[in-house]
Each structure stands twice: as C-alpha cells, then as structure tokens.
Amino acid sequence: MKKKNTDINDLYAQDPIAADRTIWGRETNRFSRRGFLKKSGLITMSAALGMTIPFARFMPAGLIPAAFAADNAPSAIPGKDGLIILNDRPMNAETPAHLLNDDVTPNSRMFIRNNGLPPENINSETWQLEITGESCERPRSFSIAELRARFEEITLQLQLECGGNGRSEFIPAASGNQWTTGAIGCPSFTGVRLRDVLNYCGVKTDAAYVGYYGADTHTSGDASRDPISRGVPLNKAMERESLIAWQMNSEDIPLQNGYPLRMVCAGWPGSVSGKWLNKIVIRDQIHDGEKMAAPSYSVPTTSVAPGSRVPNEGMRIIESMPVKSLLTFPQSGISHSFRERLVLKGHAWAGDNQVSGVFISIDFGASWLPSALQPVANRLAWQNWQSWVQFPEPGYYEVWVRAMDDRGRSQPMVVPGWNPRGYLNNACHRVAVQAV
Ligand SMILES: Nc1nc2c(c(=O)[nH]1)N[C@H]1C(S)=C(S)[C@@H](COP(=O)(O)O)O[C@H]1N2
Ligand SMILES: [Mo]
C-alpha cells in the first residue's frame with residue numbers, strides 16, 4: 001500500500017478538536033465522539049489514503065486510519081533484529097508487530113526497556129545473588145551454579161509487557177517512551193522458582209512484599225541512586241510461575257534483557273521483573289525502592305478527564321495487566337486480492353488471567369467473527385490465534401482484533417482510561433490492508 005504522506009497524525013497531535021472538525025466535517029469533542037464519517041470527511045480521508053473506503057459508514061468518529069501509523073526505520077542494536085529505538089540513553093526499543101509473529105519470541109526480537117545503563121564486564125561465574133530483607137530468616141548469597149545445583153530447574157514460556165506499551169496513543173500525550181504496540185514479548189525462560197529460593201532462606205510470617213535490585217547504574221552516574229527497584233506482593237512472588245532465570249530460549253539471557261540473571265513475574269507490568277538481578281529483599285511492607293511510589297507504574301483509582309492532574313494519594317500500583325492482543329501476520333499496509341482469503345495470525349494475553357476468545361472485524365467494529373484460539377503453553381504465556389477474512393470489494397480496510405479474558409472483560413476499540421503516565425492502553429490492534 002502506498003500511502004500518501006499526510007499530516008493527519010500531526011493535525012490530531014496539535015489540536016484533536018480542530019482535526020475532528022476538518023476530517024469529520026463537524027464539531028466533536030474528545031470526551032464524547034459520536035457519529036460517523038461525513039461526506040466531506042470521507043473525501044478528505046479517501047484522498048489521503050488514495051483509495052475508497054467500502055465500510056466508511058461504520059467508521060467511528062475521531063478514527064485516524066491505521067495506514068497513517070508512523071513507520072519508523074529499524075536501528076542496529078547488537079543481537080537484535082529490526083527493533084525500533086525510541087531512546088538510546090537509556091536504551092528503549094520496541095518490536096514491530098509483524099516481527100512478533102513467532103509463537104515463542106526469539107531473543108533477537110525481545111523488546112528492551114532500560115531505566116538506567118546495563119552493567120559492564122559481567123562474569124556469570126562470580127555473579128552473586130543476595131537474599132535478604134527484614135522478613136528474611138536466613139539471609140545468604142548464591143552463585144548461579146549454586147542456584148542450579150540446589151533448586152529444581154524449570155522452563156516456562158512467559159509474557160512480559162511494559163506497563164507503558166501503547167502510550168503513544170494517549171491524547172493529550174503522556175510523558176515517557178512513546179511505545180506503539182511493541183513493548184511485549186513471550187520468550188521461554190529457564191531458571192528456578194523464586195518461591196523455592198525464598199522458602200530456603202526462610203520467609204517470616206510478617207512478610208508482605210518481595211523487592212529486587214539490579215546491577216544497572218543510574219544515567220546520572222550517581223552510584224548511590226538506583227535506576228529502578230520494584231517488586232511484587234508476597235502472593236505473586238510465591239506463584240509457581242515466578243522465576244529467577246538465567247536463560248532465555250535455551251541461551252544466555254541477552255545483555256540488554258538482564259544477563260546473567262533476572263526475575264520474571266509475568267502478567268504484571270514488565271517493571272516488576274528485575275534484570276541484572278543481584279539482590280532480593282523480603283519486606284514486611286510494600287517495597288519502597290525506586291519507582292515503587294506513585295506516579296510511577298500507578299494509575300488513578302477512579303477515572304479522570306484527559307489531561308487532569310492527579311494527586312499521588314489518588315493512585316494505585318498497577319498489578320495484573322489487562323487483556324490485549326496483536327495481529328502479527330500480515331504486516332500492516334499490504335495489498336491483497338479481494339478474490340482471495342487472507343490468513344491472519346497473532347497472539348492474545350490477559351495478565352494473570354486467560355484469554356477466552358479473540359474476535360476479528362473488517363468493518364470498523366460493526367461485526368465481529370471469532371478466531372481459532374490455541375491453548376496456553378503454560379499459565380502466563382500468550383495464546384496464539386488464527387483466522388482468515390475475505391474482503392467484499394477493492395478498497396481500504398482495517399482488520400481489527402479484539403480479545404476477551406475469562407472474566408468477560410474485552411479490549412476497548414478506542415483508547416481507554418487516560419492516565420497521567422500513559423499506562424495500560426489495551427485498545428484493539430488495527431492493521432491496514434488494501435484490497436485490490
Ligand atoms: N534492573 C532493571 N530491571 C528492569 C528494568 C531496568 O531498567 N533495570 N526495566 C524494567 C521494565 S520497566 C521492563 S518493562 C522490563 C523490560 O524487560 P526487557 O528489557 O527484557 O524487555 O524490565 C524491567 N526490569
Ligand atoms: Mo516497563
């Protein structure tokens with residue numbers, strides 16, 4: 001698909017209300033967008049796309065066609081393939097959706113979210129993990145070899161998604177890395193259960209929380225400051241899927257993803273899964289490490305108007321991530337014959353829960369068809385889905401994918417609950433297709 005270079009995105013970024021007036025030919029406001037594309041808007045939109053929009057009558061007001069999504073050029077990061085760099089100090093890079101098509105995310109395609117600078121000159125043989133904290137009975141340290149020798153080794157496929165994945169879609173913009181859809185991956189991890197190690201060191205009855213520290217350094221160069229030190233409540237730490245891992249996909253964990261040792265507590269914001277792990281603390285209170293307190297990784301306890309200021313007392317720490325899905329095949333922007341079926345593939349995940357269904361729409365959400373959903377490899381892994389569609393006539397289409405969790409909660413079609421730091425955007429993934 002050759003999209004004409006348009007500034008619809010810029011138009012919306014500058015002034016969404018004026019943009020709506022231009023595109024939709026009338027007044028709307030960002031709190032209640034109703035109605036559908038008007039004739040003048042349809043002409044503007046079709047002209048910008050360079051093709052007709054057969055289901056334009058179902059296009060919700062305020063929708064910017066998926067074809068206009070920014071396509072940034074991939075950059076070279078050692079050991080990574082096709083990732084888009086959003087920031088290089090600290091390094092933050094996301095994976096384009098079509099490169100996440102593998103059932104198990106390869107090391108070369110796992111996103112990178114660093115708050116500080118990774119350690120240098122790591123020696124995995126001398127690496128030590130200290131277990132301590134006021135609620136630890138018998139503090140001690142382990143080498144990786146000791147962890148392997150003493151505890152049962154386990155391999156699980158686990159999904160990690162940054163709490164800020166999707167942040168770029170919030171209006172007004174939320175500060176932070178402008179992730180689109182690619183701060184998610186689901187590799188397989190090998191290590192030991194966090195609970196086996198904690199139990200070995202003795203968890204006191206007053207234990208409430210488990211925090212981590214890593215060997216990365218603060219970008220300011222100040223050695224007394226941690227880039228990040230978060231964690232999870234004791235019950236999450238004690239789940240059988242919570243790991244201390246030294247391998248990703250049967251290889252050493254890539255340096256940027258936490259070599260030689262990391263925590264993996266899947267289903268929660270990726271920030272709870274400490275990289276370059278060298279210390280775990282069993283706490284008698286909510287861990288008070290760097291970026292534990294609001295507004296970091298916190299959302300308002302009640303919904304707020306976009307752009308509001310929210311006091312820290314009105315925020316809660318994010319726990320399980322919401323239901324979400326990706327369409328990883330085909331790549332957005334392809335052309336496809338309207339006479340032939342188009343096979344679709346992707347993944348869906350739901351934080352601590354399971355996915356109960358994945359649905360597909362080619363008419364801007366007017367109708368939905370179920371897809372074939374595969375079972376999980378293990379709890380807290382994403383689930384793969386497959387489907388196909390056929391377009392009724394040539395023109396511009398969007399394939400929308402929407403997952404529902406096993407508690408009946410489904411993804412919103414538009415960007416959900418604005419929040420000051422731009423977390424938890426689980427709006428449907430949309431892929432543009434030109435039927436020819
Ligand atoms: N020590 C340390 N652990 C960390 C981070 C970090 O900057 N330092 N980033 C966290 C965040 S915010 C996320 S989303 C995940 C990202 O993991 P990945 O880079 O392997 O994808 O790691 C988490 N663990
Ligand atoms: Mo994150």
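One-based numbering, in listed order, for ligands and for the atoms of each. Here, residue 1 is the first one in the sequence, and each next residue gets the next number.
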J.: Side chain or backbone of Pro269 under 4.0 Å from ligand 1, or both, or neither, by non-hydrogen atoms?
T.: neither
J.: Does a donor on one side chain sit under 3.5 Å from an acceptor on the other, for Asp284 and Ser135?
T.: no
J.: Considering residues at least two apart in sequence or located in another chain, which fulfil the side chain to side chain donor-acceptor pair (under 3.5 Å) criterion with Thr205?
T.: none
J.: So which protein heavy atom does atom 23 (C) of ligand 1 come closest to, and at what separation?
T.: Gly270 O, 3.3 Å
J.: Tell me whether ligand 1 is touched by Pro227 - counting only heavy atoms on the residue side and a distance under 4.0 Å.
T.: no
J.: Among protein heavy atoms, which lies nearest atom 20 (O) of ligand 1, and at what distance?
T.: Arg262 NH1, 2.6 Å
J.: At under 4.0 Å between heavy atoms, is it the side chain or the backbone of Tyr297 that contacts ligand 1, or both, or neither?
T.: side chain
J.: Give the contacting part of Asp216 toward ligand 1: side chain, backbone, both or neither, where contact means a heavy-atom distance below 4.0 Å.
T.: side chain
J.: Looking at atom 10 (C) of ligand 1, what's its closest protein heavy atom, distance included?
T.: Ser271 CA, 3.6 Å
J.: Is Tyr213 touching ligand 1 with its side chain, its backbone, both, or neither, if touching means heavy atoms under 4.0 Å apart?
T.: neither
J.: Please check if the number of heavy atoms outside Arg309 that lie under 6.0 Å from its CZ is greater than 12.
T.: no
J.: Do any side-chain atoms of residues 403-417 form donor-acceptor pairs under 3.5 angstrom with protein atoms, and if so which ones, sequence neighbours left out?
T.:
unit_1, atom_1, unit_2, atom_2, d
Asp405, OD1, Arg407, N, 2.8
Asp405, OD1, Gly408, N, 3.1
Asp405, OD1, Arg409, N, 3.0
Asp405, OD2, Arg409, NE, 2.8
Asp405, OD2, Arg409, NH2, 3.0
Asp406, OD2, Gln354, N, 3.3
Gln411, OE1, Ser325, N, 3.2
Gln411, OE1, Ser325, OG, 2.5
Gln411, OE1, Ala403, N, 2.9
Gln411, NE2, Asn426, O, 2.9
Gln411, NE2, Ala427, O, 3.4

J.: Measure the distance from atom 21 (O) of ligand 1 to every protein heavy atom, then report the residue, atom name and distance (to 0.1 Å) of the closest one.
T.: Phe111 O, 2.7 Å
J.: Please work out whether any backbone atom (N, CA, C, O) or any side-chain heavy atom from C-beta onward of Ile228 is under 4.0 Å from ligand 1, and answer side chain, backbone, both or neither.
T.: side chain
